[in-house]
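Worksheet for the structure shown next.
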Protein chains: 2
Amino acid sequence: MLTQERRDLMVAYINEKNAVTVADLMKEFDASAATVRRDLSVLHDERRILKVFGGATSISSLDVNTKEPSVTAKASLNVEEKDKISKYAASLINDDDFVYIDSGTTTLEMIKYIENTRAKYITNGIVHAKKLLEKGLDTMIIGGKCKPTTEAIIGPDCVEGIRRYHFTKAFMGTNGISVDAGFTTPDVDEARVKREAVGHSYISYILADHSKFGQISSVTFAEISSCCIITDKEVNKNYSSKTIIKVVS
Amino acid sequence: MLTQERRDLMVAYINEKNAVTVADLMKEFDASAATVRRDLSVLHDERRILKVFGGATSISSLDVNTKEPSVTAKASLNVEEKDKISKYAASLINDDDFVYIDSGTTTLEMIKYIENTRAKYITNGIVHAKKLLEKGLDTMIIGGKCKPTTEAIIGPDCVEGIRRYHFTKAFMGTNGISVDAGFTTPDVDEARVKREAVGHSYISYILADHSKFGQISSVTFAEISSCCIITDKEVNKNYSSKTIIKVVS
DNA sequence: TATTTTATGATCGTTTATATTCGCTTTGTG
DNA sequence: CACAAAGCGAATATAAACGATCATAAAATA
């Protein structure tokens with residue numbers, strides 16, 4: 001059997017079983033322990049499996065949730081709500097709109113549902129730009145420094161880049177919403193970019209599920225009354241007096 | 001049996017079996033090991049199969065991303081040569097370099113081999129930026145309009161964006177190299193971006209396998225003497241008098 | 001027919017994959 | 001905590017596979 005063939009089959013085998021020992025693989029593929037370990041090391045380097053002590057596990061079972069490792073179980077439950085929010089946000093885009101799409105997972109979700117091909121789109125998310133292009137949309141990207149973790153574009157060049165445009169609609173993500181602190185995010189540089197984007201948009205929409213209400217991160221990027229919040233549940237009447245909230249059923 | 005006929009049948013055979021050894025093919029097609037290997041090398045360069053140690057595997061089984069399905073059998077892609085060129089180019093990057101990486105497949109290959117984490121990188125390729133980030137490198141992206149097919153960033157904003165930087169090294173792709181026409185590419189907008197990048201770099205390297213020599217596309221983006229060519233084979237002595245050529249063994 | 005181009009098979013030094021062995025580290029259990 | 005068992009990476013030797021080269025044969029071209 002070919003080396004490559006054995007490794008390909010090994011990946012399939014591990015994915016099927018989800019977790020296997022070195023001994024299992026030795027029997028299954030009739031190879032020595034050294035060979036199996038070598039294979040696992042290679043496949044691990046290729047990111048095709050996860051090599052662990054004693055054997056290997058499928059990578060796919062974990063990879064789904066690794067996007068935001070610090071997020072607690074509480075937040076990850078709101079998948080369905082986020083989906084509805086994204087869908088509604090996408091439906092707001094009209095012909096000839098000049099749309100800014102903020103980096104972040106919520107806005108990324110939104111791109112799936114965008115249907116309007118007559119609008120123009122601009123984003124500071126690398127993955128966002130790629131997704132927009134794949135949908136055949138008229139896409140632009142803001143230049144600047146790339147942030148490793150979130151694959152967002154930030155920095156002074158980015159801020160300056162935004163400054164020359166005037167969007168009709170901006171779709172933003174946030175980490176916290178509070179009446180006093182407004183919309184907040186943990187990263188200073190990201191906050192600057194967000195602030196500039198909101199400032200250069202005719203209307204700004206914040207996409208946030210109900211868990212974001214009452215949360216405050218380190219840096220404010222917009223006042224509570226400057227944006228329209230799209231959410232799934234209005235948790236507190238305090239907010240309605242300050243800003244417009246669209247509750248998605 | 002015709003050589004071409006044998007190779008066509010070989011592809012079908014490999015696709016059916018998904019993975020075969022050289023010995024298998026020798027028996028099946030009654031040819032020597034040398035001939036089988038030669039065939040496999042050709043078919044690999046043509047991206048019709050995957051040549052691996054000991055034999056070959058079907059390409060469809062693994063490579064989900066069939067980026068260029070329209071490539072005809074005749075268009076040899078010179079995989080091996082491109083690989084060597086990319087590797088050498090990557091080795092040229094030093095500490096504190098400010099490196100521009102042009103969009104395109106050849107330069108994308110190059111990123112795999114980049115090891116210097118002390119240099120700064122800037123690119124107009126969306127996928128390039130993503131790959132650079134994944135390697136943990138200090139990455140920037142140029143802003144502007146996104147071109148759907150190549151996922152490159154182009155347009156006046158992009159040109160203006162480049163204008164404010166001064167690179168120590170630029171790594172460029174090209175479609176054609178000619179003594180008279182210089183370096184050429186089919187797209188006008190892409191040519192403008194390339195021209196600007198070369199103009200703002202202390203040294204510019206052109207990554208091109210030997211098949212690019214003598215080719216001329218619609219738009220010139222640099223004179224023949226303005227860049228250093230990194231290639232695998234110097235086809236014509238005419239070039240050496242005009243520019244510096246590094247031939248990779 | 002003479003010459004060039006292309007395909008093929010044999011040889012040879014080099015590279016790659018493998019199994020085995022040997023210390024060292026991790027894990028689990030008393 | 002201590003100790004045994006299992007797992008691990010590194011080093012090594014061996015066999016298979018490889019690419020490069022060369023000479024020959026077939027096909028195309030002039």
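Just so you know, these numbers come straight off a predicted model, no measurement behind them. Proteins get letters first, then strands, A, B, ... in listed order; numbering begins at 1 in each.
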When the ring planes of Phe29(A) and Tyr13(A) are compared, do they come out parallel, tilted or perpendicular, using 30° and 60° as the limits? perpendicular
Given Lys131(B), which partner from the list Ile114(B), Thr139(B), Ile111(B) fulfils the side chain to side chain contact (heavy atoms under 4.5 Å, CB included) test? Ile111(B)
Is any side-chain heavy atom of Phe183(B) less than 4.5 Å from a side-chain heavy atom of Cys227(B)? yes
Look at all strands and tell whether Val52(B) reaches a base, only sugar-phosphate, or nothing, counting heavy atoms closer than 4.0 Å. sugar-phosphate
Lys194(B) pairs by side-chain hydrogen bond (donor to acceptor under 3.5 Å, both in side chains) with which of Asp102(B), Thr184(B), Asn124(B), Asp187(B)? Asp102(B)
Of the candidate nucleotides dC18(D), dC8(D), dA17(C), which contains the atom at the shortest distance from the side chain of Val22(A)? dC8(D)
Length of the line joining Leu40(B):CG and dT8(C):P, which is rounded to integer Å: 13 Å
Please report the distance, rounded to the nearest Å, between CD in Gln4(A) and C1' in dA17(C). 13 Å
Grab the CZ-P distance between Arg7(A) and dT16(C) for me, whole Å please. 12 Å
Would you kindly give the CG-to-P distance between Asp24(A) and dA6(D), to the nearest whole Å? 15 Å
Are Ile49(B) and Ser58(B) close enough that some pair of their side-chain heavy atoms sits under 4.5 Å apart? no
Atom CG of Asp45(B) and atom C1' of dG19(D): how far apart are they, to the nearest Å? 14 Å
Could you tell me how far apart Arg37(B) (CZ) and dT11(C) (P) are, to the nearest whole angstrom? 14 Å
When the distance from CG of Leu2(A) to P of dA16(D) is rounded to whole Å, what number comes out? 16 Å
No-hydrogen, no-angle side-chain donor-acceptor test under 3.5 Å, Ser211(A) and Asp209(A): yes
How does each nucleotide of nucleotides 20-30 of chain C score, in 5' to 3' order, for protein heavy atoms under 4.0 Å: base (B), sugar-phosphate only (S), or none (-)? B-----SS---
Euclidean distance, atom NZ of residue Lys51(B) to atom C1' of dT15(C) [Å, nearest integer]: 12 Å
